**Q** 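This is the structure I have questions about; it appears just below.
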Number of protein chains: 2
Amino acid sequence: MTKDDTFYSTEFLPYLLNQAAEAASLGFRQYYKERYGMLRTEWRVLFHLGQFGEMTAKEICDRANIHKTKISRAVAALEKKRFIARRTMENDRRLEELFLTKSGKQVLEDLQRRAKAFDQSLMEQLGEENARSLKRNLAILAGLKAD
Amino acid sequence: MTKDDTFYSTEFLPYLLNQAAEAASLGFRQYYKERYGMLRTEWRVLFHLGQFGEMTAKEICDRANIHKTKISRAVAALEKKRFIARRTMENDRRLEELFLTKSGKQVLEDLQRRAKAFDQSLMEQLGEENARSLKRNLAILAGLKAD
DNA sequence: GCGTATTAGTTGAAAATGTAACTAACAACA
DNA sequence: TGTTGTTAGTTACATTTTCAACTAATACGC
């Protein structure tokens, strides 16, 4: 009778992923929270706007895989902070094009620079080769196209 | 003027980790939620009890890196479902030793078997070699000792 | 022993999230 | 045009999480 089919939590991929995600986000999350009073979804919306230029809430939902209510609230919060603004689209008045304001751009610039550095420091913890492989694997699991 | 220091969200490790963690937990979370009405923290508490045997809430907090209020509520919920029970410790009456009930053991057995299979299917998505390397890297980021 | 500090765990209120129902605008088509 | 269906986005409400204050028990210094 083989009693050694013990399955440890640290072998369970979802658990590991969550722990690692928690640990890895901590530092950065703290920064944008304390500095700009932003929530994670807000940071993501900002990031996406910076990356893809003006886009609608729906497009962000799809790209970032975040539910529309979360996006809706994040957009409202960012608007209140005057980091973004919106413009109803002429051809389809259900859609609103979101865009960064001047101060939004400044904030994003700061956050991106820090994100980059933060990422860099995480990668160094793992080593170039490992880090690259890690990202590739994560992209697969996340269902993103591999680069 | 080099304008191509664009930093993409999919290059940002915390973002990737979160996306992957989300995607990877989804299927399993759905199962224990629908089947046993359990929340993630409850499943983790159960898992830890199965793994380490009787232990106190504090010990679970430390091991799993979960805040004590979350654990406290998870423990209360599991107790209500009669999956675990507690026993105040003789030598220090602030501490309560948690242990699985009979039905708790059954539930855990089911969940562990499924977790194992679920894990297996995720690993297959990546291939043996990749999966192994992924887990190693995650353990490092999570601050767990590598195995 | 007595006062103060810590520690395990709980609780209540506030913040955030998830879910489902809603509004407004468009589309399709008789 | 009018009916029906779909889509973008918001809102309301229930559940979950977070944060801070709390209780009860122990530990420490004297």
Side-chain angles (χ1 to χ4, degrees), chain A residues 18-19 21-22 25-26 29-30 32-34 36-46 48-49 52 54-81 84-99, chain B residues 18-19 21-23 25-27 29-34 36-45 48-49 52 54-81 84-99:
Chain A
N18 265 299
Q19 294 286 89
E22 257 336 280
S25 328
L26 192 65
R29 186 144 93 234
Q30 216 160 333
Y32 60 63
K33 178 171 186 180
E34 276 165 21
Y36 300 111
M38 282 171 57
L39 256 27
R40 183 156 60 192
T41 310
E42 294 170 47
W43 148 241
R44 287 207 192 165
V45 167
L46 226 55
H48 273 81
L49 281 176
F52 299 106
E54 320 201 337
M55 60 198 303
T56 71
K58 180 56 165 44
E59 287 169 323
I60 302 181
C61 288
D62 294 344
R63 286 219 178 258
N65 232 302
I66 302 177
H67 196 269
K68 59 183 182 171
T69 63
K70 244 169 137 179
I71 295 287
S72 173
R73 294 198 257 244
V75 164
L78 288 169
E79 202 182 18
K80 197 161 152 192
K81 295 187 185 82
I84 68 173
R86 37 184 146 190
R87 169 170 53 229
T88 304
M89 288 181 76
E90 284 306 317
N91 53 328
D92 185 341
R93 304 210 342 284
R94 287 171 302 183
L95 303 178
E96 303 187 303
E97 197 146 47
L98 305 171
F99 57 93
Chain B
N18 266 299
Q19 295 284 88
E22 259 335 281
S25 327
L26 192 64
R29 187 145 91 234
Q30 217 159 334
Y31 180 74
Y32 60 63
K33 177 167 189 187
E34 275 164 22
Y36 300 112
M38 281 170 58
L39 255 27
R40 181 154 60 193
T41 310
E42 294 171 48
W43 147 242
R44 288 208 190 165
V45 167
H48 273 79
L49 281 177
F52 299 106
E54 321 200 336
M55 61 197 304
T56 70
K58 180 56 164 46
E59 286 169 323
I60 301 180
C61 288
D62 295 344
R63 285 220 179 255
N65 233 303
I66 303 177
H67 195 269
K68 59 183 181 170
T69 63
K70 244 170 134 179
I71 295 287
S72 173
R73 282 168 168 139
V75 165
L78 288 169
E79 204 182 15
K80 197 161 154 194
K81 296 187 185 80
I84 68 173
R86 38 183 145 191
R87 171 169 52 231
T88 305
M89 288 181 79
E90 284 304 318
N91 55 327
D92 185 341
R93 304 208 345 280
R94 285 171 303 184
L95 303 179
E96 301 186 305
E97 197 146 47
L98 304 171
F99 56 94

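Naming convention: chains lettered A, B, ... in sequence-line order (proteins, then strands); numbering from 1 in each chain. Just so it is clear, the model here is predicted, and its values are computed rather than measured. Values reported hereafter were calculated over all heavy atoms of this structure, with side chains retained and with hydrogens, waters and symmetry mates removed.
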**Q** If you measure from the Lys or Arg side-chain nitrogens to the Asp or Glu carboxylate oxygens, is any gap between Glu42(A) and Arg73(A) under 4.0 Å?
**A**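 Salt bridge: no.
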
**Q** Rounded to whole Å, please give me the gap between CD1 in Ile84(A) and C1' in dG9(D).
**A**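 Answer to the nearest Å: 13 Å.
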
**Q** What string of B, S and - do you get for nucleotides 16-24 of chain D, 5' to 3', if B is base contact, S is sugar-phosphate-only contact and - is no contact with any protein heavy atom under 4.0 Å?
**A** SSBBB----

**Q** From the list dT26(D), dT10(D), dC26(C), which nucleotide is the closest neighbour of the side chain of Asp92(B)?
**A**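 Within the option list, the nearest is dT26(D).
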
**Q** What is the distance, rounded to the nearest whole Å, between atom CE of Met55(B) and atom C1' of dG9(C)?
**A**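 Rounding to the nearest Å, CE of Met55(B) and C1' of dG9(C) are 15 Å apart.
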
**Q** Tell me the interatomic distance from Glu97(A), atom CD, to dA8(D), atom C1', rounded to whole angstroms.
**A**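 These atoms are roughly 14 Å apart.
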
**Q** Taking only residues two or more places apart in sequence, or in another chain, which ones meet Asn65(A) in a side chain to side chain contact (heavy atoms under 4.5 Å, CB included)?
**A**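 With sequence neighbours excluded, Asn65(A) shows a side chain to side chain contact (heavy atoms under 4.5 Å, CB included) to Gln19(B), given in chain and number order.
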
**Q** Does the structure place the NZ or CZ of Arg63(B) under 6.0 Å from the centre of the six-membered ring of Phe52(B), at an angle of no more than 45° from the ring's axis?
**A**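 Judged by the rule, Arg63(B) and Phe52(B) form a cation-pi pair.
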
**Q** Say you draw a straight line from SG of Cys61(A) to NZ of Lys70(A); how long is it, rounded to the nearest 0.5 Å?
**A**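 Nearest 0.5 Å value for the SG-NZ distance: 11.0 Å.
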
**Q** What is the separation between atom CD1 on Ile71(B) and atom C1' on dT7(C), rounded to the nearest whole Å?
**A**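 In whole Å, dT7(C) C1' and Ile71(B) CD1 are 16 Å from each other.
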
**Q** NZ of Lys58(B) versus P of dT10(C): gap in Å, rounded?
**A**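 The distance from NZ of Lys58(B) to P of dT10(C) comes to 14 Å, rounded to the nearest Å.
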
**Q** Arg87(A) has an atom CZ; how far is it from atom P of dG9(D), in whole Å?
**A**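 Going from CZ in Arg87(A) over to P in dG9(D) covers 14 Å.
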
**Q** Using the ring of Phe99(B) (Phe, Tyr or Trp, six-membered ring only), decide whether Arg86(B) places NZ or CZ under 6.0 Å from its centre and within 45 degrees of its axis.
**A**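 Judged by the rule, Arg86(B) and Phe99(B) form no cation-pi pair.
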
**Q** Rounded to the nearest 0.5 Å, how far does CD1 of Ile84(B) lie from CG of Leu98(B)?
**A**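 Leu98(B) CG to Ile84(B) CD1: 5.0 Å, rounded to 0.5 Å.
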
**Q** Between atom CZ in Arg86(A) and atom P in dA24(C), what is the gap in whole Å?
**A**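 Rounded to whole Å, this separation is 16 Å.
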
**Q** If I take atom CD in residue Glu34(B) and atom P in nucleotide dT19(C), what distance separates them, rounded to the nearest angstrom?
**A**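 Atom-to-atom, Glu34(B) to dT19(C), this comes out as 11 Å.
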
